[in-house]
Structures are given as C-alpha cells and as structure tokens.
Engineer: 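Got a structure for you, written out below as structure tokens; questions coming shortly.
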There are 2 protein chains.
Amino acid sequence: MPMATLRDVAAHAGVSISVASRVLNDDPEVRIRAETRQRVVDAARLLSYAPNSAGRSLRKARSSVLALVVPDVTNATFTDLTRGVEEEALRRGYSVLLGSSERMQPGTQGFSRLLSERRVDGVLLQKGDDTRGELVTSALTDHRQITFVNSGPVEDISTVALDDQTGAALATQHLLDLGHRRIGLVNGLPTADTGRRRAEGFATALAGAGLRADERHVTELGYTLPAGRNAARLILSRPHPPTAVVVANVNAAFGVLLEAREMGVDVPGSLSVVAVHDVWEADIPVPALTTVKMPMVELGATAVSELLDRISGGPARHAVVRDPAPVVVLRESTAPPPA
Amino acid sequence: MPMATLRDVAAHAGVSISVASRVLNDDPEVRIRAETRQRVVDAARLLSYAPNSAGRSLRKARSSVLALVVPDVTNATFTDLTRGVEEEALRRGYSVLLGSSERMQPGTQGFSRLLSERRVDGVLLQKGDDTRGELVTSALTDHRQITFVNSGPVEDISTVALDDQTGAALATQHLLDLGHRRIGLVNGLPTADTGRRRAEGFATALAGAGLRADERHVTELGYTLPAGRNAARLILSRPHPPTAVVVANVNAAFGVLLEAREMGVDVPGSLSVVAVHDVWEADIPVPALTTVKMPMVELGATAVSELLDRISGGPARHAVVRDPAPVVVLRESTAPPPA
DNA sequence: CGACCCTGGACAAACGTTTGTCCAGACCCT
DNA sequence: AGGGTCTGGACAAACGTTTGTCCAGGGTCG
C-alpha cells in the first residue's frame, strides 16, 4: 500500500487534513492536544507517509532542488567539489541535480529549462575555460538564482572562490625553500579568473624572495593534459630553462610530467614540479606529483550556503574559502635544484 | 516579468486555459482552428512561458526526474557512465539527480526519500563493493522503480550490465597472443557480480589455449588502488610468479603498477599488466597502462532506456551491452614474456 | 424542415500540500 | 450570569497543470 497521502493520514487519525499537516511539519504557531498529535504521528508512521514533493513544491513555490553545473564530470578536480555540494545540500534539505553534459551547459535549452520550468531553485555554476560569463548572465532573468564557483567577482552575482593567491604562493614558496631561483608558471587560459589570481600569488611569493618571473618561463595554455604537454615543451626547449615550475592545475601537471620524461628531462633531478589542487591520482605518475591541497569540499559547501542565502533575499557576496588553509602535499616531484 | 503561467498565456490569446494547454502540448486528440493555435503559440512565446514542473508533476503523477546513485563520484570508472546516463535522459525529457555521497547510499534516509517523496520516478543503482543488494530490494516498495547497473541478475528487477566475459577474455587473449602462458587475475571482491563474470571470461580464454588458471595467481581483494597493491605483493612474492596479469579494474591496476615498481619488478619486461575499463588516466603511470575499453557511455544510455521502459509497465529484463564491442587499447604495460 | 453530426472551444475536477481564517466549547473573571 | 479569552481543531482557498466532459453554432442529409 504505497502512496499514502496526507488525507489518508488525517482520516486514519480522525483529524482534519490541516491538523495533520501542521503536526507533521512541527508548526510552532498552532496548538494541538498532545494526545491528538500522537495519533497523527502514529498514523503517519503506520502508513509510512511521505509528503509528495510535487504538491509541496507547487504550494510553496519552491522545489528544494538545486543544480550543480560543471564543464565535465570527467575532471577529477570537480569530484571533491561535488561531494561538498551534495553533503551541504542534503543537510539543508535540498537535493542536487548534476548537469555536466554539453547539453546542460549555459546557453543551451537544458540549462535554461532548469530555471524557467522551476525544476530547481538555483544553480551553482563552475564555468569552463570556454564558457563565457556574459552568455550566462544575459540569459538569466533573476541574478539571485545563480552563484558562480571559482570565477568572478561579477556585479550583482554571488560568487565563491578558493584562495588561489595563497595556494599558488604556497606552491611557489615550497620551491623557493628548496633553493630554486628560476621558477616557471604553467597557467590556465588568460580568460580564467583563477589563473589571474594564481599568477598573482606566484608573483607575490617570488617578490618576497626578491625575484621576478621571467615571462619566457610562463605559459597560459589551459587546464588540460595536452595543454600541459605543450607548455612543458615550450618552456623546456628554450635556452636557460627554469629549474622548477608551478602548475596551476593538476591535469596540466600530468602533461608536464609526461612531456618532461619524453624530452629526457629528469624530474625532480633537473626540474621540480608542483601543482595546485590535490587529487588521489597524484600518486600514479612517476615521480608522484607534489601538490598543494585546496579546500574543495568546503568550497562546495560554502557555495551551497551562499546560494541559499541569496535566494532567500540575502545580498550578493563574494566569498573566499580560506579554511582549511592550503597545504603542501609532499610527494616525489620536487627536490632541490641541480647543483 | 518572469513566471508567466498558463492562465496568462490563455488570457493573452483570448482562449481558455484548456485550449492553451492542449495547443502547447500538441495534443493530437483535439481540433483547434489554425489561427487560434497560432495566437496561443505567439502568446506563449511573447510571455516566454514555460510549464511549471511542480504543477505538471502533480497532475501527471510523474516527476520526469530520475536518480543515478554510484558509490562515489570520485571514481573515474563512473564518469563515462554518468555521461551516458545524462545524455540519454535529456534526450527522453528527463533530468538526472546524482546521488553519490554516503548519505545517499541505499539504506539511508536520503535514498529512500528520493522515491517515497516522489522526487524521482526511478533510480539507476550502481552498487559498490560493500552495498548489499538485499538492503536495497527490501527497502523498495516497487521493484519497477529501480534498475541495477553492473550487478545481478536479480529476480524481478531490471538489470543492465557490460559484457564482462568478453572484456576479460579479450584482455586475456591479448596476453596469450603476446606469448604469455602463466597469467594471473587480480579480481574484485567475491561478492561483486562483475568479478564473477570477468573470472569466467578469463578462464574461458585460458581454456581456449589449453591452459588453466593457477589459483595462486588469482586474488579477489577489491576494486581499489590499495587492493591492487596488496594483490601484486601477494602474487609476486610467491615462487614462480606469473609473467602477466589481467586486472579487473583500472584503479587496482594502478596499484599493481606502483607495487611492482616498488618491488623492483619491471613492467612490462618481467610482468605485463592489462586492465579492464579504459580511462584517460591510463596515460599517466609509467609505463602507461594497456586496457580494454568497455562501452560505458552506452551502458548508461541503455540503463536509462531499460528503467524508463520498466517504469511504464515493461517486463524486468537483464540487458547486456555488447555494442560497441570491447577493444584493446594498447599502451606500454604489456609486452612478450621474458625469454 | 427536422434529426444529425461535425467543429471549435469552454467548464470544471483533480493531483497533494500549506496556511489564513473561522468557530464551538470550555474556562475565567467580575 | 454575562462577557471575555483560550484551546483545539475544522474549513476552504490557492499553487499550475492536464484532461474528461459538455455545449453552441453551423453545416449536412434525408
């Protein structure tokens, strides 16, 4: 006997529907006799009643679902983010709809239907290297329904980001501490906001040691493995190459490792490599990849909080997740520079 | 002016709500004058009307959402599956709710609320090594609401699986073709249905060459990297170890590679390794991992089809996805046996 | 010319909830 | 004893959609 409705519960308990609803929702504004309340609770339990979400959504004009849209689920970088989002959402009584296929990207029907059909109350958007921000904001009727993850800040839209400066600075400092002086940066595309911030942190750390980045040691080719390969080839084939590189993304770092190996460049003997973002796959390459662990789970959780707050009327904020602080995860790809 | 409702459209077009609904849904059973139909379409477009999903769900007793539950999103094995599911679902007018955190696992509140609150019409479940099938089926009021992915067959429940026998046989045959005669199997837990099937394929291929598996060369430790490490240590430390192993899972294969390296066993010089499932991460280790590519995307798509078919009254089927057929992706971890 | 049958569309019920309002009785007070 | 205040709960509207049924007018046919 599935599908017990509120009417069934009320009838079984011998009360009106409204009383049943108020009891089961713990409505504080209402006075019900304890014995009656118990009858309702018992009936609900007996019939294994669960509120129909469609009915509830219709009445409350709220679906209690939010969407998380990422460029691709394939990217290991986003798995921790996903976990953080899911856990915080569940804690708040929300479910998460995951959008990752291209048909769900901003600008597509799939994306806009999410909001216009009121399937979700809001969207968490992690933009890819190629998705343009204007495309999103213009298609949006209500800026409160969206929160950007790892991009921005954007006027009137809530954003949540990692402390990329500190992360990149920490990676750089790790190399400085090992004794490196010629340090390169393999960065994402110039359009990526995270890339800009990581370049800042990189420069800051260098400046703290009285150094400056050599632009021939810096690339902005993207956050993919092939991009990392290209970057490594570019940087290492020039005369007077760096003895170490900070890679802004772990996938690109895998590419750097592979290309260095192919070019006969010993890592970490002749070249140290450290990447921003820690994933378990960092154990796989030879040498295993030293990384800076960023609080991705907390990023996801914070993103949910900010979105929910904004939806319910809060102001657009630009949150930066600094807790827990970035930390170096030492593996095998970094060592002192060659003598 | 967001949130146009059907009533707004009807009013603007000067027709009744029912006519507006029928026109916009292309109801074939009804006769509307062409000019009237156009007025409705224009009004809908002008007001950028989109049907409210809560209202529709309530009326049709169907949410047009289905859930995909996997042990963890972190697992690269499942990313292609996710993509296949999402694309097929979208094509059928469904959205996908992703459940992965432990709070969403079978037996938890999160899981059962999905169905009892009618948030989703059905669930696609990829069980983990540890989730017990009984826990799921017992909590289920209606067997038509679920489809198992990669496990089963189970009585009265639709299942969809890969052709694991052929996949494992192909991997084994690849090693046989290279000239190997002592071939081991690093398998998943004995409780995993996929493991059983892959062991079958392994044995079949061996038998085809007039060989039999040596049980000292077979482990059933699980589908994780540490499990792979343990398996390798176990198999390789015994006297007269195999010259090649088939690993039933790519994560475990990474573990085998790492452990072999640590033990000083040369791959592929002294030991060839081939894994079932192809992921892009196979390029990362040294040597790069040879795999057998399985049709994961198609598995996801088929799972959606089967679930939707079952929901709408079809029989419980046990589908096996054989198209495209498994194929060896040759990288660097396999070679002829040592002389 | 009356009985029919189309055509094109309107009416209204129902899906399951939440929530504002109202009311009957019991109790209190002076 | 009469007016007032609580208590405990019932009534009903509304959220937006789909869909079964009904109906007025105009045409057709015998």
Side-chain angles (χ1 to χ4, degrees), chain A residues 1-41 43-44 47-65 93 113 115-119 121, chain B residues 1-41 43-44 47-65 93 113 115-119 121:
Chain A
M1 47 188 61
M3 283 258 19
T5 156
L6 201 49
R7 174 177 12 223
D8 300 335
V9 174
H12 195 273
V15 299
S16 73
I17 291 185
S18 63
V19 166
S21 172
R22 288 182 158 106
V23 165
L24 295 177
N25 286 340
D26 279 329
D27 185 338
E29 302 289 336
V30 88
R31 308 142 310 204
I32 308 278
R33 206 185 317 167
E35 185 257 347
T36 306
R37 178 184 304 271
Q38 192 58 46
R39 277 212 320 277
V40 172
V41 171
L47 302 177
S48 66
Y49 165 78
N52 178 304
S53 68
R56 173 174 289 183
S57 296
L58 185 55
R59 175 63 221 245
K60 306 191 79 165
R62 182 156 56 84
S63 66
S64 294
V65 175
R113 282 177 51 180
L115 285 168
S116 62
E117 293 183 359
R118 288 271 183 294
R119 264 196 196 322
D121 295 338
Chain B
M1 44 191 62
M3 283 258 20
T5 155
L6 201 49
R7 175 178 9 226
D8 302 334
V9 174
H12 195 274
V15 300
S16 73
I17 292 185
S18 63
V19 165
S21 172
R22 288 182 158 109
V23 165
L24 295 176
N25 287 338
D26 278 330
D27 185 337
E29 303 287 336
V30 89
R31 307 143 310 203
I32 309 278
R33 206 184 317 166
E35 185 258 348
T36 307
R37 178 184 303 271
Q38 192 57 46
R39 276 211 322 275
V40 172
V41 171
L47 302 177
S48 66
Y49 166 79
N52 179 304
S53 69
R56 172 174 290 184
S57 296
L58 184 55
R59 174 62 222 249
K60 306 191 77 163
R62 180 157 58 85
S63 67
S64 294
V65 176
R113 281 177 51 180
L115 285 169
S116 62
E117 293 183 358
R118 288 274 186 289
R119 259 176 166 38
D121 295 336

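Proteins come first, then strands; the chains are lettered A, B, ... in the order of their sequence lines, and each starts at number 1.
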Engineer: Nearest-Å distance, CG (B/Asn52) to P (D/dC15)?
Structural biologist: 11 Å
Engineer: To the nearest 0.5 angstrom, please state how far the CZ atom of B/Arg118 sits from the OG atom of A/Ser57.
Structural biologist: 14.5 Å
Engineer: Take the protein atom CZ of B/Arg56 and the nucleotide atom P of D/dC15, then report the distance between them rounded to whole Å.
Structural biologist: 19 Å
Engineer: Pairs under 3.5 angstrom, nitrogen or oxygen only, protein versus nucleotides 25-28 of chain C, please.
Structural biologist:
none

Engineer: Please figure out whether A/Lys60 or B/Ala34 has its closest DNA chain C nucleotide nearer the 5' end.
Structural biologist: B/Ala34
Engineer: Provide, to the nearest angstrom, the distance between the CZ atom belonging to B/Arg37 and the P atom belonging to C/dT7.
Structural biologist: 14 Å
Engineer: Would you please name every residue forming a side chain to side chain donor-acceptor pair (under 3.5 Å) with B/Ser63, sequence neighbours left out?
Structural biologist: B/Asp121
Engineer: Identify whether any heavy atom of A/Thr5 sits under 4.0 Å from a base atom; if not, whether one sits that close to sugar-phosphate; answer base, sugar-phosphate or nothing.
Structural biologist: sugar-phosphate
Engineer: In this structure, how many angstroms lie between the C1' atom of C/dT17 and the CG atom of A/Asp27, rounded?
Structural biologist: 13 Å
Engineer: Starting at atom CZ of A/Arg119, determine the distance to atom P of D/dG16, rounded to an integer number of angstrom.
Structural biologist: 17 Å
Engineer: Using heavy-atom distances to pick each residue's nearest nucleotide on DNA chain D, tell me which of A/Val15 and B/Ser53 is more 5'.
Structural biologist: A/Val15
Engineer: Nearest 0.5 angstrom please: B/Ser64 OG to A/Arg119 CZ, how far?
Structural biologist: 5.5 Å
Engineer: What does the list of N/O pairs under 3.5 Å between the protein and nucleotides 5-8 of chain D look like, with a distance for each?
Structural biologist:
| residue | atom | partner | partner atom | Å |
| --- | --- | --- | --- | --- |
| D/dG8 | O3' | A/Arg33 | NH2 | 3.4 |
| D/dG8 | N7 | A/Arg31 | NH2 | 2.9 |
| D/dG8 | O6 | A/Arg31 | NH2 | 3.2 |

Engineer: In a table with atom names and distances, give each donor-acceptor pair under 3.5 Å that connects a side chain of residues 3-12 of chain A to protein atoms at least two apart or in another chain.
Structural biologist:
| residue | atom | partner | partner atom | Å |
| --- | --- | --- | --- | --- |
| A/Thr5 | OG1 | A/Arg7 | N | 3.3 |
| A/Asp8 | OD2 | A/Thr5 | N | 2.9 |

Engineer: When all nucleic acid strands are considered with a 4.0 Å heavy-atom cut-off, which category describes A/Asn25: base, sugar-phosphate, or nothing?
Structural biologist: sugar-phosphate
Engineer: Could you give the CG-to-P distance, from B/Leu24 to D/dT19, as a whole number of Å?
Structural biologist: 13 Å
Engineer: Give every donor-acceptor pair under 3.5 Å between a side-chain atom in residues 30-41 of chain B and any protein atom, sequence neighbours left out.
Structural biologist:
| residue | atom | partner | partner atom | Å |
| --- | --- | --- | --- | --- |
| B/Glu35 | OE1 | B/Arg39 | NH1 | 3.2 |
| B/Glu35 | OE2 | B/Arg39 | NH1 | 3.1 |
| B/Gln38 | NE2 | B/Asp42 | OD1 | 2.9 |
| B/Arg39 | NE | B/Ala13 | O | 2.9 |
| B/Arg39 | NH2 | B/Ala13 | O | 3.1 |

Engineer: Give the rounded distance in Å between these two atoms: CD of A/Glu29 and P of C/dG20.
Structural biologist: 9 Å
Engineer: What pairs meet the salt bridge (charged side-chain N to carboxylate O under 4.0 Å, His left out) rule with one or both residues in residues 12-30 of chain B, with sequence neighbours excluded?
Structural biologist: B/Arg22-B/Asp27
Engineer: Who are the side chain to side chain donor-acceptor pair (under 3.5 Å) partners of B/Ser18, not counting sequence neighbours?
Structural biologist: B/Ser16
Engineer: Look for any protein N or O under 3.5 Å of an N or O in nucleotides 11-14 of chain D and output each such pair with its distance, or none.
Structural biologist:
| residue | atom | partner | partner atom | Å |
| --- | --- | --- | --- | --- |
| D/dC11 | N4 | A/Ser18 | OG | 2.9 |

Engineer: Could you tell me how far apart B/Glu35 (CD) and C/dG8 (C1') are, to the nearest whole angstrom?
Structural biologist: 12 Å
Engineer: Nearest 0.5 angstrom please: B/Lys60 NZ to B/Arg56 CZ, how far?
Structural biologist: 6.0 Å
Engineer: For B/Arg39 and A/Arg7, take the nucleotide of DNA chain C holding the closest heavy atom to each; which residue's nucleotide lies nearer the 5' end?
Structural biologist: B/Arg39
